[in-house]
Amino acid sequence: MLTKKQSELLRFINERMKETGVPPSFDEMKDALDLRSKSGIHRLIIALEERGFIRRLPNRARALEVLRMPGASAADAGRGRKFEPSVIEGHLGRVRPMPAARDDEDGARAMVAIPVMGRIAAGTPISALQTRSHTLNLPPEMLSHGEHYALEVRGDSMIEAGIFDADTVLIRKQDTAETGDIVVALIDDEEATLKRLRRRGASIALEAANPAYETRIFGPDRVRIQGKLVGLIRRY
């Protein structure tokens, strides 16, 4: 059984999609339900998804699909109208709220689910980035603008930059970087490594932060930037 606010939101989303084929933005949903913050909308969407009324498509904050309306059986799920998702949030991964004792729709603190895309070598390069293994829920304050993903570090070549084996690095997805940035570099479309980028004329140097490792130099056509280091998570 849905609460009054859950029912109102579901009807609003369903009507908007019938009209335009695109779900409303979080701001539009907040205004329609007269809520004070978007965190209340996040909580309502989670509740509707858990009850099988809507579905959120992966890696898109605005990609909602109505599966059924109140009175329809769960067997009707999946017959809702499909649409091409669009994005209103800048982060890769969907937004989830932290559990809250209150039910006032705006007391929860939003968290962002960041995909962990396997392991990255801080040492001898390993195979290219793998598929998503799991997600991390992080506070928005840890994130900058744009899309993000995380990688588990293997190796010790970046220890003098404070990056150790078994750390998890937070990466902002981008294909350019400045000299001095620590980046995820894809070499020959086969090897991924975490190194500091240096430009030497037309060449690209991938520099370790450990004197035991040599700097590797490549032609510009052999290296593709996959993202820039923006944060680090360490478990003790």
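Everything numeric in this text was worked out from a predicted model, so none of it was measured. Numbers here are sequence positions counted from 1.
At a threshold of 4.5 Å between non-hydrogen side-chain atoms, the residues I163 and D156 do not count as touching. E178 is not listed as a side-chain neighbour of K228, based on a closest heavy-atom distance of 4.5 Å or more. Side-chain contact between I225 and V184: absent, with no pair of heavy atoms (C-beta onward) separated by less than 4.5 Å. The shortest side-chain heavy-atom distance between M111 and P139 falls under the 4.5 Å cut-off. Side-chain contact check for E191 versus L186: every heavy-atom pair is 4.5 Å or farther apart. Under the 4.5 Å side-chain criterion, counting only non-hydrogen atoms from C-beta, M158 is not in contact with Y213. Inter-residue side-chain proximity for L44 and L35 is flagged as met; some heavy-atom pair is nearer than 4.5 Å.
Between the side chain of R196 and the backbone N or O of G180 there is at least one donor-acceptor pair closer than 3.5 Å. Put simply, the side chain of E28 gets close to the backbone of S25: a donor and an acceptor are under 3.5 Å apart. Judged by distance alone, the side chain of D181 and the main-chain N or O of V183 form no donor-acceptor pair under 3.5 Å.
The heavy-atom pair separating L170 from H148 by the smallest distance is CD1-CB, 4.2 Å. When all heavy atoms of Q6 and L48 are compared, the pair lying nearest together is O-CD2, 3.8 Å. In plain terms, the two heavy atoms of D165 and G155 that are nearest each other are OD1-N, 2.9 Å. Of all the heavy atoms in I114 and L138, the pair that sits closest is CG1-CD1, 3.9 Å. Across every non-hydrogen atom of P220 and S203, the tightest pair is CD-CA, 4.5 Å. Taking each heavy atom of D167 and G162 in turn, the nearest pair found is OD2-O, 3.9 Å.
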Please lay out, stage by stage, how V153 and I120 fare under the test side-chain contact (heavy atoms from CB on, under 4.5 Å). CA-CA 5 Å; V153 175; I120 185 73; 4.2 Å; yes
List the steps, then state whether side-chain contact (heavy atoms from CB on, under 4.5 Å) holds for M142 with I233. CA-CA 10 Å; M142 286 193 65; I233 302 167; 4.2 Å; yes
Is there a side-chain contact (heavy atoms from CB on, under 4.5 Å) between M69 and V66? Walk through the geometry before answering. CA-CA 8 Å; M69 297 296 291; V66 175; 4.0 Å; yes
Might you work through the side-chain contact (heavy atoms from CB on, under 4.5 Å) test for I54 and L67, ending with a clear yes or no? CA-CA 5 Å; I54 65 173; L67 300 178; 5.7 Å; no
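Between D189 and R224 there is a salt bridge, since at least one side-chain N of the basic residue sits less than 4.0 Å from a carboxylate O of the acidic one.
Taking R222 as the reference, D188 meet the salt bridge (charged side-chain N to carboxylate O under 4.0 Å, His left out) condition, with sequence neighbours excluded.
In this structure, a donor-acceptor pair under 3.5 Å is absent between the side chains of K5 and T3.
With I182 as reference, L194 is the one residue of V169, L197, L194 to meet the side chain to side chain contact (heavy atoms under 4.5 Å, CB included) rule.
Sequence neighbours left out, the pairs with a member in residues 199-212 that pass salt bridge (charged side-chain N to carboxylate O under 4.0 Å, His left out) are R198-E207.
One hydrophobic cluster holds both V230 and V116 under the rule that ILVMFWY side chains link at heavy-atom gaps under 4.5 Å.
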